[in-house]
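Protein chains get the first letters and strands the later ones, always in sequence-line order, with residue 1 at the start of each.
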There are 2 protein chains.
Amino acid sequence: MTTTGPRPPTPTLEQVAALAGVSRATVSRVINDSPRVSPEARDAVHAAVEALRYVPNRMARSLVTRRTDTIALVLSESNTQIFADPFFARIVRGLSARLADTEQNLVLLAARGRREQEKVARYVRQGHVDGVILISLHRDDLLPDLLARSPVPLVLSGRPFDGRPVPYVDADNVGGARAATSHLLRLGRSRIGTVSGPLDMVVGLDRLTGYRAALAAAGAPASPELVAEGDFTEAGGSRAMTRLLGDVPDLDAVFVASDPMAVGALRVLRAAGRRVPEDVAVVGFDDAEVAATCDPPLTTVAQPLDEMTGGLVDLLLEQIGSGGSAAAGSRVCGTALVRRASA
Amino acid sequence: MTTTGPRPPTPTLEQVAALAGVSRATVSRVINDSPRVSPEARDAVHAAVEALRYVPNRMARSLVTRRTDTIALVLSESNTQIFADPFFARIVRGLSARLADTEQNLVLLAARGRREQEKVARYVRQGHVDGVILISLHRDDLLPDLLARSPVPLVLSGRPFDGRPVPYVDADNVGGARAATSHLLRLGRSRIGTVSGPLDMVVGLDRLTGYRAALAAAGAPASPELVAEGDFTEAGGSRAMTRLLGDVPDLDAVFVASDPMAVGALRVLRAAGRRVPEDVAVVGFDDAEVAATCDPPLTTVAQPLDEMTGGLVDLLLEQIGSGGSAAAGSRVCGTALVRRASA
DNA sequence: GTGAAAGCGCTAACAG
DNA sequence: CTGTTAGCGCTTTCAC
């Protein structure tokens, strides 16, 4: 057991200044590369920083600047296992990429259950982060209220349930679902079921609404047995599809409300000897893995995930930048891109 | 657009003190519930805190205490899609649960690619967190070095590739794999293949080693074609199993090195009309979902995930508590629990 | 039990 | 361009 002595004292600005033969202020200017520094001073400071392996103390800096250069992605897991969703990984990647050339760091905060949600809210209120992106909202989620109580800028992924004035980014889920369903109708299908998303999430409800709207417009309103609620997971998609097949013998097509669920649903359909993919339409983020499971590809209404993550970051940085003044009004940044992969 | 004025000033200790009619020091004592405070003072302070909705400024506090009450779980995603792994979600849950009754908060830091890894390392060095748990290590991962360069306590999930003196928690992967493979041998199987984990991860290598050891002990060393490398994902498991089935016509059993891969492998085996689950043994965290895919259940060597997450936290808190003195020596906390779900 | 005072390490006017 | 001077909000001796 190697016993290191008490941790070696971290060098401070003061010491760098001493070594470089300048004042603390000058070192600070160099660190924050202010233009008003002579090349000589700059070099001397850089050398000293190098020699001392100096790293600025964020707490001290944040105390005065009131910025932490950190934004949090808060995952409110109520029921659904969000980590499992491939679209979640893509969101994280998108946000990281968008932030790569920024000073901002991204941290993920997982809040499962009331206690953790409160812990996360406290974390945010205490000033650990400059802003929050909240995703995967369920109807009874406490976090929006808990977070709204703090002065930290907040952005939602997905329209809030109530019409509260919070900036958010959403896709045209109603339109997307309608387009996907209409496509099946146009193909001559008449008994079209749906594997819906969770109905305690706006995105789930919206996609169901779009599906219903398409059927209604075609004069063939959806009956309840045509709707099987899924949970956005592959396993959930399988279960819902199985249910649908059992309850509706004459089912001749299905609209699936997300990519992972489509994978599960397709498996069930194939096992049942159904025509695939002609009978299936999907709305989602057009996951490559999903596309690969099927040849020819499914008919997919793809949503621009990158635009959405980009929008979330933009909206948030805008609020942070404005120091919390202005920008507090609600904003919409919905988009939808319809693409037919086949048929 | 509602234009809120410049953000309302956050109340400070000073103001709470004024309202409560005591000094800053007393308020501080109450906040950190020090015993040396009179009940009256305590009540007065609590009332003032309530009235002002006072929340301590973490940066100011951390500046003096040198603690942030935050520990980071760093996800170094090189190749594998770690988010997709169900065991990842369980790790996060385990850590959160372990930390629930603690002052410590948990943040996840995703580092994909060199730039992000460096950004994460910088984040850590700057003092945003009190300690780091690093998981999902690949052989060429830069993070261990980058992080070791900072004075922040570090704990690894899984033995490091080189024997560097870093505290870590590991399971007995060699033993587990050997047990699973031996079980198949005992059943009279002779052409036993393996769907291995990624061979650039210690856990993947260890499980392969255990498999080989069991075969060697039985006098039937593994030939190369019996090993199909997977990536711990379901899809990877399917691919590897398909490869195996194609290359080894007389294969009569298989040891699968993780739960998700087992799901994929089983699917392929079933489709090929193989006996299932008699021909399969798995080592992993005994995921309930996996267990559910098979009836009767697979033979599984289950590892105690909760013990491992608990160990990670304990090791880390110990180092943090000791202020970085002592505790720097390497420590092992490996465990393994063998259980036969059937047969 | 409580207050006064001295910083933690850094940035940000403000003079020079 | 650079140094001096104040703090940021909180904890923590050290007297009382």
query = salt bridge (charged side-chain N to carboxylate O under 4.0 Å, His left out) between D101(B) and R115(A): does it pass, once the steps are laid out?
reply = CA-CA 10 Å; D101(B) 297 312; R115(A) 284 196 58 187; 3.2 Å; yes
task = Specify the residue among T26(B) and A60(A) whose closest nucleotide of DNA chain C lies further upstream toward the 5′ end.
result = T26(B)
remark   = Here the distance between atom C1' of dG7(D) and atom CZ of R61(A), to the nearest Å, is 17 Å
inquiry  = Set out, in order, the CA-CA distance, both residues' side-chain angles and the distance that settles side chain to side chain contact (heavy atoms under 4.5 Å, CB included) for L109(A) and V107(B), then state yes or no.
reply    = CA-CA 5 Å; L109(A) 266 26; V107(B) 305; 3.5 Å; yes
ask   = Once you round to the nearest 0.5 Å, how far does OG1 of T68(B) lie from OH of Y123(A)?
value = 7.0 Å
note = note: E14(B), atom CD; dA4(C), atom C1'; distance rounded to Å ~ 12 Å
key: Atom-to-atom span, CZ of R67(B) to C1' of dC8(C) - whole angstrom   = 15 Å
message = Looking at dC8(D), I'd like to know if its phosphate oxygens (OP1 or OP2) sit under 4.0 Å from a side-chain N or O belonging to N57(B).
response = no
request  = Please determine which of I71(B), L147(B), I320(B), V132(B) meets the side-chain contact (heavy atoms from CB on, under 4.5 Å) test together with V152(B).
outcome  = V132(B)
query = Does R112(A) reach the side chain of Q117(A), with side-chain heavy atoms less than 4.5 Å apart?
reply = no
inquiry  = Rounded to the nearest 0.5 Å, what separates atom CZ in R122(A) from atom CG in D69(B)?
reply    = 10.5 Å
R66(A) CZ - dC10(D) P separation (whole Å) = 9 Å
ask   = Contact class for R24(B) vs. all strands (heavy atom < 4.0 Å): base, sugar-phosphate, or nothing?
value = base
key: Five-pair end axes of the helix from dG1(C)-dC16(D) to dG16(C)-dC1(D), angle between them (10°)   = 30°
query = Does P144(B) reach the side chain of L137(B), with side-chain heavy atoms less than 4.5 Å apart?
reply = yes
note = Residues in residues 36-44 of chain B with a heavy atom under 4.0 Å of DNA chain C, by number, are R36(B), V37(B), S38(B), A41(B)
request  = Would you mind reporting whether N32(B) and R61(B) have side-chain heavy atoms less than 4.5 Å apart?
outcome  = yes
Expected rows: protein N/O vs nucleotides 13-16 of chain D N/O, under 3.5 Å:
none

ask   = Rounded to the nearest 0.5 Å, how far does CD of E103(A) lie from OG1 of T70(A)?
value = 11.0 Å
inquiry  = Minimum heavy-atom separation for L106(A) and S96(A), please, with both atom names.
reply    = CD2-OG, 3.8 Å
inquiry  = So M201(A) and S136(A), do their side chains get closer than 4.5 Å, heavy atoms only?
reply    = yes
message = In this structure, how many angstroms lie between the P atom of dT11(C) and the CG atom of L63(B), rounded?
response = 12 Å
request  = Without swapping roles, check the side chain of R98(B) against the backbone of T309(B) for a donor-acceptor pair under 3.5 Å.
outcome  = no
message = What is the distance, to the nearest angstrom, from the CG atom on D69(B) to the C1' atom on dT11(D)?
response = 14 Å
query = Side-chain N or O of S23(B) less than 4.0 angstrom from OP1 or OP2 on dG3(C)?
reply = yes
query = Nearest nucleotide by nearest heavy atom, which residue falls closer to the 5' end of DNA chain C, V64(B) or P35(B)?
reply = P35(B)
request  = For Q126(A) and dC10(D), give me the distance from atom CD to atom P, rounded to whole Å.
outcome  = 11 Å
message = Could you tell me how far apart H128(A) (NE2) and dC10(D) (P) are, to the nearest whole angstrom?
response = 13 Å
message = I want to check one thing: is the phosphate of dT11(C), taken as OP1 and OP2, less than 4.0 Å away from some side-chain N or O of S28(A)?
response = yes
